[in-house]
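Data first, discussion second: the structure below is written as structure tokens.
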Amino acid sequence: MESEQLFHRGYYRNSYNSITSASSDEELLDGAGVIMDFQTSEDDNLLDGDTVVGTHYTMTNGGSINSSTHLLDLLDEPIPGVGTYDDFHTIDWVREKCKDRERHRRINSKKKESAWEMTKSLYDAWSGWLVVTLTGLASGALAGLIDIAADWMTDLKEGICLSALWYNHEQCCWGSNETTFEERDKCPQWKTWAELIIGQAEGPGSYIMNYIMYIFWALSFAFLAVSLVKVFAPYACGSGIPEIKTILSGFIIRGYLGKWTLMIKTITLVLAVASGLSLGKEGPLVHVACCCGNIFSYLFPKYSTNEAKKREVLSAASAAGVSVAFGAPIGGVLFSLEEVSYYFPLKTLWRSFFAALVAAFVLRSINPFGNSRLVLFYVEYHTPWYLFELFPFILLGVFGGLWGAFFIRANIAWCRRRKSTKFGKYPVLEVIIVAAITAVIAFPNPYTRLNTSELIKELFTDCGPLESSSLCDYRNDMNASKIVDDIPDRPAGIGVYSAIWQLCLALIFKIIMTVFTFGIKVPSGLFIPSMLAYYHHDWFIFKEWCEVGADCITPGLYAMVGAAACLGGVTRMTVSLVVIVFELTGGLEYIVPLMAAVMTSKWVGDAFGREGIYEAHIRLNGYPFLDAKEEFTHTTLAADVMRPRRNDPPLAVLTQDNMTVDDIENMINETSYNGFPVIMSKESQRLVGFALRRDLTIAIESARKKQEGIVGSSRVCFAQHTPSLPAESPRPLKLRSILDMSPFTVTDHTPMEIVVDIFRKLGLRQCLVTHNGRLLGIITKKDILRHMAQTANQDPASIMFN
């Protein structure tokens with residue numbers, strides 16, 4: 001991708017013309033989402049060019065040796081719309097890179113002409129840093145707003161602060177002098193709904209009223225969220241990461257990163273989290289940050305007019321999203337590199353780092369949790385871990401891998417059923433049912449009643465003398481001679497055992513509900529499951545290693561490692577996940593346990609299937625995404641995959657100078673292909689180039705308006721020189737300037753293993769297949785995806801965009 005694409009026409013060598021003459025290869029994807037046979041094939045430029053046939057690959061030069069035609073052969077008067085893309089199409093990475101180089105050369109050539117041109121040059125050079133700065137500022141501010149609003153609305157389900165309605169429960173009791181150590185969350189200023197409605201703070205009537213109000217608010221928030229999504233921004237639902245991965249690979253989904261999606265996603269994410277549904281806000285925060293990056297990129301022509309450059313901003317924005325979601329700026333950069341980005345040059349790494357830094361700084365300045373941290377569940381552990389603990393850490397990794405494999409299969413099965421049954425036609429009803437079941441079951445259990453961040457904080461935090469949680473209900477021996485702060489030596493009280501049972505029930509409930517919640521029509525990220533660790537120093541394994549009275553193990557560490565293992569099993573992230581959790585805890589010494597658990601969870605999960613949850617949803621939705629992690633090992637050739645196949649009708653092609661405007665318009669109207677090969681003649685089948693359907697339509701419309709004498713019988717000429725025509729003939733229409741003169745080609749004997757690799761590394765959408773210089777067919781990205789599905793015994797029709 002970074003290799004220079006603008007080579008002279010006379011250059012050739014025994015190689016695939018992928019690397020040097022790769023050019024605009026518009027994917028022949030039906031814009032309306034209609035399933036079709038891609039019979040129109042793009043063509044390699046075999047017009048009187050030197051052709052060298054190697055063992056398997058053909059290198060052709062487009063045009064004559066002395067041709068000075070540029071790869072982006074623009075019209076004398078550029079036509080607005082030529083070179084742009086329709087919805088649900090894939091961008092041409094090579095053409096976009098060439099456009100950017102041409103723009104850069106033009107600016108550099110003018111910057112010494114005047115002070116104004118020099119200023120424009122500096123503005124262009126700094127626009128990349130400006131756009132990621134604005135993205136980081138907006139991402140941090142929105143994340144802080146979402147955190148504050150979600151906390152307030154979560155507590156609104158239980159009561160309200162009379163002294164200041166905008167305070168949540170914790171803030172309401174901060175200034176109260178009537179709280180006690182054991183009941184620090186109770187103060188006169190905070191009133192439950194039972195106290196306000198029936199005037200009772202305790203008793204069965206109070207419990208039932210609070211139960212009813214909890215369900216009422218949960219259903220209200222969920223209904224409002226799904227209604228806003230359905231009416232104003234259907235793209236605001238779900239996690240957003242599968243679609244962002246697809247967009248970053250070059251696919252265009254208009255409106256997915258627009259201002260309406262940003263506004264509705266921000267509001268409904270607050271509502272969805274506050275409703276108590278079993279979901280997290282981490283994934284949707286990445287979507288929110290990418291919306292900010294997309295909107296700000298339109299302020300700078302360098303990015304607004306170039307889809308490939310815009311994706312560099314989106315990569316930096318995704319890093320900023322993870323930075324504010326987990327409070328992990330470096331982990332965000334690694335997440336963007338490892339998980340979502342398709343094309344990640346070095347300058348994008350620097351800008352991603354800067355965007356994550358700015359976003360984290362803004363969130364820290366807002367301080368939404370009042371703890372001077374970026375997240376609610378930041379913890380610090382100082383107790384060292386022992387070698388024998390690697391065994392339980394690996395067991396946690398095994399559990400995480402099994403959980404990940406189960407979750408992916410169960411969730412995808414449910415989502416597929418939702419798509420194929422009538423149940424999927426009623427998204428509002430589905431959200432209401434899931435929210436009602438969640439609220440009814442969650443209220444009796446204090447651990448399921450907590451929102452995700454508070455629950456993780458509860459489990460990550462170690463017991464100490466200032467903790468009032470049931471998990472820290474250890475009995476004090478008042479007759480003991482030593483200080484009772486040594487919790488490891490104290491026997492567990494009844495609160496610990498009841499908390500363990502409640503947590504076990506909460507784990508089962510969260511596992512089941514998350515399967516049905518992830519993918520409903522509200523913003524929904526992944527719930528981060530956590531583990532509870534309990535031990536006693538008299539157990540055999542601890543007797544051998546632990547000194548009496550010493551803090552032998554850290555239960556919160558097991559919760560953290562378990563959470564990382566489960567998240568790794570679901571997403572199959574490795575390096576970025578370890579760094580994110582490391583930044584959460586600030587403990588370098590726990591890197592080895594985290595690495596052991598995360599790698600084990602990945603290995604165990606991969607044993608059941610190599611797809612993570614995001615890749616599985618990409619495949620379920622039929623997005624044209626070539627995953628670089630997948631291996632293609634089948635010994636097929638390009639001729640086995642190309643279209644047209646045997647018994648298929650021939651390719652729809654244009655000839656160089658034998659067709660009229662009416663002929664071309666009829667072909668456009670009768671087919672749904674997005675591009676047409678241009679050949680010298682039907683007999684020779686030698687290629688001249690490739691013309692995009694969109695560019696042809698726009699150019700003909702523009703010519704009818706601006707040029708006199710262009711009629712239906714006007715001859716269309718794609719050649720460099722117009723052929724001699726009878727005197728009475730109407731004026732010809734020259735369209736060579738919209739022609740791609742160097743489409744990518746391989747021979748029919750090229751192994752598909754190499755073709756797939758080229759598609760991945762160059763971001764191609766299709767290439768043409770030739771034999772001895774004659775056009776045979778075309779291979780598009782969707783042909784490759786269908787072929788890979790067939791070799792994996794899957795339904796190839798499922799690869800189409802739905």
Side-chain angles (χ1 to χ4, degrees), residues 1 3 5 7 9 11-28 38-47 49-63 71 90 92-95 250 624 626 628 631-646 648 650-651 653 675-679 685-690 740-788 790-791:
M1 183 61 69
S3 62
Q5 313 289 351
F7 285 106
R9 293 295 170 205
Y11 178 82
Y12 64 90
R13 66 181 179 187
N14 286 328
S15 169
Y16 9 104
N17 73 338
S18 62
I19 307 301
T20 54
S21 66
S23 175
S24 65
D25 310 304
E26 179 64 342
E27 179 181 345
L28 304 184
F38 298 135
Q39 292 157 1
T40 68
S41 120
E42 306 186 31
D43 334 9
D44 184 38
N45 219 4
L46 302 179
L47 172 64
D50 299 329
T51 302
V52 179
V53 181
T55 307
H56 290 299
Y57 324 115
T58 302
M59 178 65 201
T60 65
N61 73 341
L71 180 64
T90 303
D92 185 345
W93 286 92
V94 178
R95 181 169 65 176
L626 264 179
E631 295 180 4
F632 187 85
T633 56
H634 297 275
T635 56
T636 50
L637 300 177
D640 302 325
V641 181
M642 72 175 190
R643 290 177 178 268
R645 304 209 176 144
R646 195 169 295 172
D648 283 352
L651 292 172
V653 295
F676 302 94
V678 179
I679 57 177
Q685 292 290 317
R686 289 176 65 82
L687 272 149
V688 178
F690 185 80
D740 171 22
M741 299 297 296
S742 53
F744 182 94
T745 62
V746 294
T747 69
D748 53 339
H749 293 291
T750 306
M752 277 305 297
E753 202 172 355
I754 293 176
V755 174
V756 171
D757 206 34
I758 294 169
F759 265 77
R760 285 173 177 157
K761 292 181 177 176
L762 287 181
L764 296 180
R765 291 162 303 174
Q766 81 261 348
C767 70
L768 302 166
V769 183
T770 61
H771 178 73
N772 293 337
R774 294 172 62 86
L775 175 67
L776 290 183
I778 183 172
I779 299 175
T780 67
K781 185 191 284 188
K782 292 221 165 181
D783 291 328
I784 289 179
L785 289 167
R786 281 199 217 96
H787 182 64
M788 293 173 77
Q790 281 179 326
T791 55

Over all heavy atoms of both residues, which pair between [X] and [Y] is shortest? Give the atoms and the distance, please.
X: F759; Y: T780; value: CE2-C, 4.0 Å
X: D783; Y: V641; value: O-CG1, 3.9 Å
X: P624; Y: L785; value: CA-CD1, 3.5 Å
X: G777; Y: P644; value: CA-CD, 4.0 Å
X: V94; Y: L762; value: CG2-O, 4.4 Å

Measure the [atom1]-[atom2] distance between [X] and [Y] for me, rounded to the nearest 0.5 Å.
X: R774; Y: I679; atom1: CZ; atom2: CD1; result: 9.0 Å
X: L637; Y: H749; atom1: CG; atom2: NE2; result: 7.5 Å
X: M752; Y: I779; atom1: CE; atom2: CD1; result: 5.0 Å
X: Q685; Y: H771; atom1: CD; atom2: NE2; result: 13.5 Å

Only one of E753, Q790, H787 passes side chain to side chain donor-acceptor pair (under 3.5 Å) with T636, and that residue is H787

Just one of T750, L775, I778, D748 clears the side chain to side chain contact (heavy atoms under 4.5 Å, CB included) bar with V769, so which one? D748

